[in-house]
There are 2 protein chains.
Amino acid sequence: MAMPTPTEHAAKVADTAQDTHEALVSGRDRLLACAADAFAQRGYAGTSVAAIAERAALSKSTVFHHFPTKRALYLAVIEKAVADFSQTLDSVLDEARPLDRQLEDYQCQHIAHILDNDQVTQLVLRELQKNASKDSAHLVSDVLSANFQRLVDFISQAQNHGLIRDHVDPSVTALTLISANVFYFQHRKVLRYLPNFTCADQPRRYAQSVSELIFHGLNGEHPQ
Amino acid sequence: MAMPTPTEHAAKVADTAQDTHEALVSGRDRLLACAADAFAQRGYAGTSVAAIAERAALSKSTVFHHFPTKRALYLAVIEKAVADFSQTLDSVLDEARPLDRQLEDYQCQHIAHILDNDQVTQLVLRELQKNASKDSAHLVSDVLSANFQRLVDFISQAQNHGLIRDHVDPSVTALTLISANVFYFQHRKVLRYLPNFTCADQPRRYAQSVSELIFHGLNGEHPQ
DNA sequence: TGATGTCCTGACCGATCGGTCGGTCGGGAC
DNA sequence: GTCCCGACCGACCGATCGGTCAGGACATCA
């Protein structure tokens with residue numbers, strides 16, 4: 001399935017491709033990667049097939065050789081993004097350590113992950129925002145539920161052990177934690193212009209502050 | 001400046017316009033309203049001038065009579081949205097009442113407001129997400145800063161009065177509160193598919209839960 | 001050597017895009 | 001009356017859109 005030899009054409013590609021996907025020898029893989037970038041940056045309607053082909057140093061026709069329609073390419077990109085997204089954050093919440101430390105670690109790892117995979121994250125978020133009805137139901141159960149359910153279970157468990165007061169809603173807590181990170185991710189470039197906000201370029205510090213806030217609350221005791 | 005008489009054309013418009021903007025007699029106002037809907041639903045690139053004109057029951061040429069370019073129409077829509085956005089939530093945090101009640105009220109009013117003006121909110125959020133650099137700097141200072149700074153000041157003040165522990169960062173707190181509402185707004189349709197999340201269709205209850213959580217924290221005392 | 005299949009290409013298609021142009025129409029000003 | 005003006009329109013433009021098609025380059029297998 002893999003290409004046997006880097007042909008003369010592939011050598012030319014390595015010279016002309018302007019992205020970070022030069023290492024991908026397969027035209028199809030290069031298309032997927034470049035399309036992900038393009039769709040994430042400009043959206044579906046704002047991205048032309050010709051632009052994707054140019055990024056991948058291929059002709060527009062070749063795009064339609066690998067994918068029947070533009071929409072099919074888009075869905076393939078989304079599918080790959082979801083697959084990549086779902087295989088992380090699996091080991092943070094399991095160890096036997098203080099509750100607040102686990103929450104802090106989860107929050108830090110989560111924000112680091114979405115910042116590392118920013119193109120893909122933006123794509124998934126954009127997809128989650130619009131259709132919402134039938135199409136993206138599986139998207140939710142695959143991506144959002146993965147993080148969400150893991151957090152909810154963890155909080156519920158801690159609640160059953162008496163480590164968290166009974167009155168809090170685990171699902172609301174989980175959503176608040178995720179919201180903070182997603183909002184930071186979506187608007188991080190613009191947060192720099194906010195006066196009094198000092199975490200704009202320090203995601204880790206932000207995640208720590210949020211988890212500390214959620215854990216102790218505004219009127220809690222023993223801040224440290 | 002206002003139209004003197006509803007001409008025969010205006011009467012025809014009232015019949016054919018399929019939106020909720022039939023009451024707007026001025027073609028320009030109708031264009032702005034319909035363009036806001038269209039841009040919010042399909043984005044800038046996904047919305048054609050012809051589609052906007054059709055919604056407003058006008059010809060495409062008339063759009064260019066009122067606005068020099070499609071981009072100018074888009075900016076006019078954004079500008080109007082920002083102006084509408086900035087003149088709310090002014091009186092919630094001023095009264096002399098318990099801190100937790102004020103926070104709860106703010107959170108409830110804020111989420112109600114963005115849900116009521118969903119098209120416009122979506123437009124502003126979408127604009128905030130992308131450019132981020134020079135273009136939308138004023139957008140931030142106008143919209144986000146308006147809510148943000150008000151909240152930060154309020155929390156800082158309460159902190160100075162000893163009502164909030166010193167260790168919390170007011171700006172992080174404000175951002176967490178806003179994040180929760182924005183995330184709920186952006187993904188509310190999809191949250192229904194989340195198991196264990198019971199607030200998907202109860203924004204007020206969600207806002208109350210969030211403010212309660214932020215105020216008391218996970219390990220706080222006296223839940224009620 | 002020829003047949004076959006994959007990858008890729010340039011030329012081309014109809015449709016639609018944003019935008020222009022010339023012109024119609026009705027209502028004040030005088 | 002007639003003059004002007006803003007609102008509005010149909011027809012049209014070049015450019016670009018997504019997508020098609022016939023065929024070339026090349027590797028594999030017979």
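Lettering of chains follows the sequences in order, A, B, ..., and the numbering in each one begins at 1. Remember, it's a predicted structure, so these values are computed and weren't measured experimentally.
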Can you measure [X] atom [atom1] to [N] atom [atom2] for me and round it to whole angstrom units?
X: A:F39; N: D:dG18; atom1: CZ; atom2: C1'; value: 12 Å
X: A:L75; N: D:dG18; atom1: CG; atom2: P; value: 15 Å
X: A:D29; N: C:dT6; atom1: CG; atom2: P; value: 17 Å
X: A:F64; N: C:dG10; atom1: CZ; atom2: P; value: 15 Å
X: B:R28; N: D:dC8; atom1: CZ; atom2: P; value: 12 Å
X: A:H66; N: D:dG19; atom1: NE2; atom2: P; value: 16 Å
X: B:I52; N: C:dC17; atom1: CD1; atom2: P; value: 11 Å
X: A:L73; N: D:dG19; atom1: CG; atom2: C1'; value: 13 Å

Determine: side-chain N/O of [X] to OP1/OP2 of [N], distance under 4.0 Å, yes or no.
X: A:H65; N: C:dC7; result: yes
X: A:S61; N: C:dC8; result: no
X: B:T62; N: D:dC8; result: no

Next item on the list: Verify the distance criterion only: is there a donor paired with an acceptor across the side chains of B:E127 and B:Y74 at less than 3.5 Å?
Entry: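 Result is yes, a qualifying pair exists.
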Notebook entry, point to check: Do A:T62 and A:S59 have side-chain atoms, one donor and one acceptor, less than 3.5 Å apart?
Noted result: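 A donor-acceptor contact under 3.5 Å links the two side chains.
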Note to self: With heavy-atom distances below 4.5 Å as the criterion, would you say the side chains of B:N181 and B:Q107 are in contact?
What the structure shows: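 B:N181 vs B:Q107: side chains touch.
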Next item on the list: Please work out if A:S48 contacts a base, only the sugar-phosphate, or nothing of the nucleic acid, heavy-atom cut-off 4.0 Å.
Entry: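 A:S48: backbone/sugar contact only, no base atoms under 4.0 Å.
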Notebook entry, point to check: Would you call the rings of B:F148 and A:F197 parallel, tilted or perpendicular if under 30° counts as parallel and over 60° as perpendicular?
Noted result: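 The arrangement is perpendicular - the two ring planes meet at more than 60°.
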Check: Considering only heavy atoms and no angle criterion, is a donor-acceptor pair shorter than 3.5 Å present between the side chain of B:K60 and the base of D:dG10?
Finding: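 Check fails, no donor-acceptor contact within cut-off.
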